[in-house]
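Scroll down for the structure; my scribbles are underneath it.
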Amino acid sequence: DSGSARASPEQYDIQYLTPVEIGTPPQTLNLDVDSGSSDLWVFSTEMPASSVKGQAQYDPSKSSTAKRVQDATWNITYGDNSYSEGIVYKDVVNVGGVSFDAQAVEAATAVSQTFTTDANDDGLLGLAFSTINTVQPSQEKTFFDNVASELDAALWTADLKYHKSGCYDFGVIDDSKYTGQITYTDVDSSDGFWMFDVSGYGIGNNTFQSTSFQGIADTGTTLAMLPAQVVKAYYKQVRGAKLDNSQGGYVFPCQANLPSFVYGVGNARYEIPGQYINYAPVDNDGTTCFGGIQSDAGIGFAILGDILLKSAFVVFDASENVPRLGFAKK
Ligand SMILES: CCNC(=O)c1c(-c2ccccc2)csc1NC(=O)CNCCc1c[nH]c2ccccc12
């Protein structure tokens, strides 16, 4: 079995939304496929109308295959202090043609303002490791873990693009989506993330620095959160850039000519065009812009979010006893 689903960007590529069918007859919700968390949670008819501003809601009472998981609850808080919580159903979930008939669908009973204000995002589909799923008293499995044994290959791939729709594929590596070789690197999943060693970095045409650091491949985080020293060195090359704590990170004049950023996986090098690192304006007149590369201070590891991932074809491979990540140019 294999499948493919579209990943459509929201404004500024803040996140990518993928249509997911839930229940019988199918209810289509647009979810944020998130390799940085492991809960499949959705806006639902179980939450107060005041928290819903345009999102589609999963209605278990309209699904003949929905079954309540008695006494099960969940709650999750992300690093940006957004959160959601609720109750649990088992139901049919279909992503790009790959289906599982008893997927834990975590129906929200409450969500924070961040999620309420994002009208197009109907929830998240977590694809990190099931060890960090938040359902209690008994943890549930991610969609990928549930379908892995049915897939032609126990892997999924991410092909995100800059201000354009991309694809998530399940069970197959589509060779037409990348060029050259795929460079694989082992994953340390002990924290529940797709964590690997970044072998170094380069800024613009400066020489590549072979100083490695640990990072996670995280499709659910918009920006790249990198070691403070790397970030400082990057913005030193940007005239007018400054760390503005009121904005929560580095900002610069929107007209700035940003250097490219290179990250290493093993001996391979992947370049992010400078343009990708101009994330979005922070003011209405568009004079000051917020950087797509920010510090990972306080997190404990780097986060390679969409800003970096969209420059590569990425393979999330659990087909061997040690999971691994593959990166290729495209
Ligand atoms: C800023 C979002 N990222 C994180 O908090 C995060 C952290 C993290 C931990 C502490 C401080 C900062 C970040 C570690 S792994 C990790 N990755 C995830 O948590 C991935 N899921 C993010 C889901 C998410 C959080 N806020 C949103 C707003 C819109 C759409 C999706 C989201």
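For clarity, every value in this text was computed on a predicted model and none was experimentally measured. In each ligand, atom 1 is the first atom listed, and ligand 1 is the first ligand listed. Index from 1, following the sequence.
- Between D218 and ligand 1, at least one pair of N/O atoms sits closer than 3.5 Å.
- Scanning the protein for heavy atoms near atom 2 (C) of ligand 1, the closest one is T221 OG1, 3.4 Å.
- At a 3.5 angstrom cut-off on N or O pairs, M225 does not count as close to ligand 1.
- For atom 22 (C) of ligand 1, the nearest protein heavy atom (residue, atom name, distance) is G220 O, 3.4 Å.
- Hydrophobic clustering of Ile, Leu, Val, Met, Phe, Trp and Tyr side chains at less than 4.5 Å, counting indirect connections, unites F100 with V20.
- When only interatomic distances are considered, the shortest N/O to N/O separation between D80 and ligand 1 falls below 3.5 Å.
- Comparing S37, S84, G79, G36 against atom 8 (C) of ligand 1, the shortest heavy-atom distance belongs to G79.
- Note on D91 versus K67: no salt bridge recorded, every NZ/NE/NH1/NH2 to OD/OE distance being 4.0 Å or above.
- Taking each heavy atom of P253 and A241 in turn, the nearest pair found is CD-N, 4.3 Å.
- In summary, the aromatic rings of F193 and F301 are positioned with their centroids under 6.0 Å apart.
- Here the protein heavy atom with the shortest distance to atom 32 (C) of ligand 1 is F115 CE2, 3.9 Å.
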Please set out all donor-acceptor pairs under 3.5 angstrom arising from side-chain atoms of residues 165-176, sequence neighbours excluded.
from, atom 1, to, atom 2, distance (Å)
S165, OG, S8, OG, 3.3
D169, OD1, S4, OG, 2.6
D169, OD1, K177, NZ, 3.1
D169, OD2, K177, NZ, 2.7
D174, OD1, S176, N, 2.8
D174, OD1, S176, OG, 2.6
D174, OD2, S176, OG, 3.4
D175, OD1, Y178, OH, 2.7

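- Close to ligand 1: I216, with a non-hydrogen atom less than 4.0 angstrom away.
- Residue I303 touches ligand 1 through its side chain alone, judged by heavy-atom distances below 4.0 Å.
- In the vicinity of I299, heavy-atom distances shorter than 4.0 Å reach the ligand 1 atoms 11 (C), 12 (C), 13 (C).
- A donor and an acceptor atom, one from each side chain of T114 and S82, are nowhere located under 3.5 Å apart.
- In this structure, R239 forms no cation-pi arrangement with F252, as its terminal cationic atom is not both closer than 6.0 Å to the ring centre and no more than 45° off the ring axis.
- At under 3.5 Å, not a single nitrogen or oxygen of Q15, backbone or side chain, sits near a nitrogen or oxygen of ligand 1.
- Each of the following atoms of ligand 1 lies closer than 4.0 Å to a heavy atom of D32: 30 (C), 31 (C).
- Put simply, CG on D306 and OH on Y279 are 9.0 Å apart, with the number rounded to the nearest 0.5 Å.
- At least one N/O-N/O distance between D34 and ligand 1 falls below 3.5 Å.
- Polar contact with ligand 1: present for S82 (N/O pair, distance under 3.5 Å).
- Ion pairing of K329 with E271 is absent here, as no side-chain N (NZ or NE/NH1/NH2) approaches a carboxylate O to less than 4.0 Å.
- Under a 4.0 Å heavy-atom criterion, L124 is in contact with ligand 1.
- Among all protein heavy atoms, the one lying closest to atom 19 (O) of ligand 1 is Y78 CD2, 3.4 Å.
- Using a cut-off of 4.0 Å between Lys/Arg side-chain N and Asp/Glu carboxylate O, D186 and R324 are scored as not salt-bridged.
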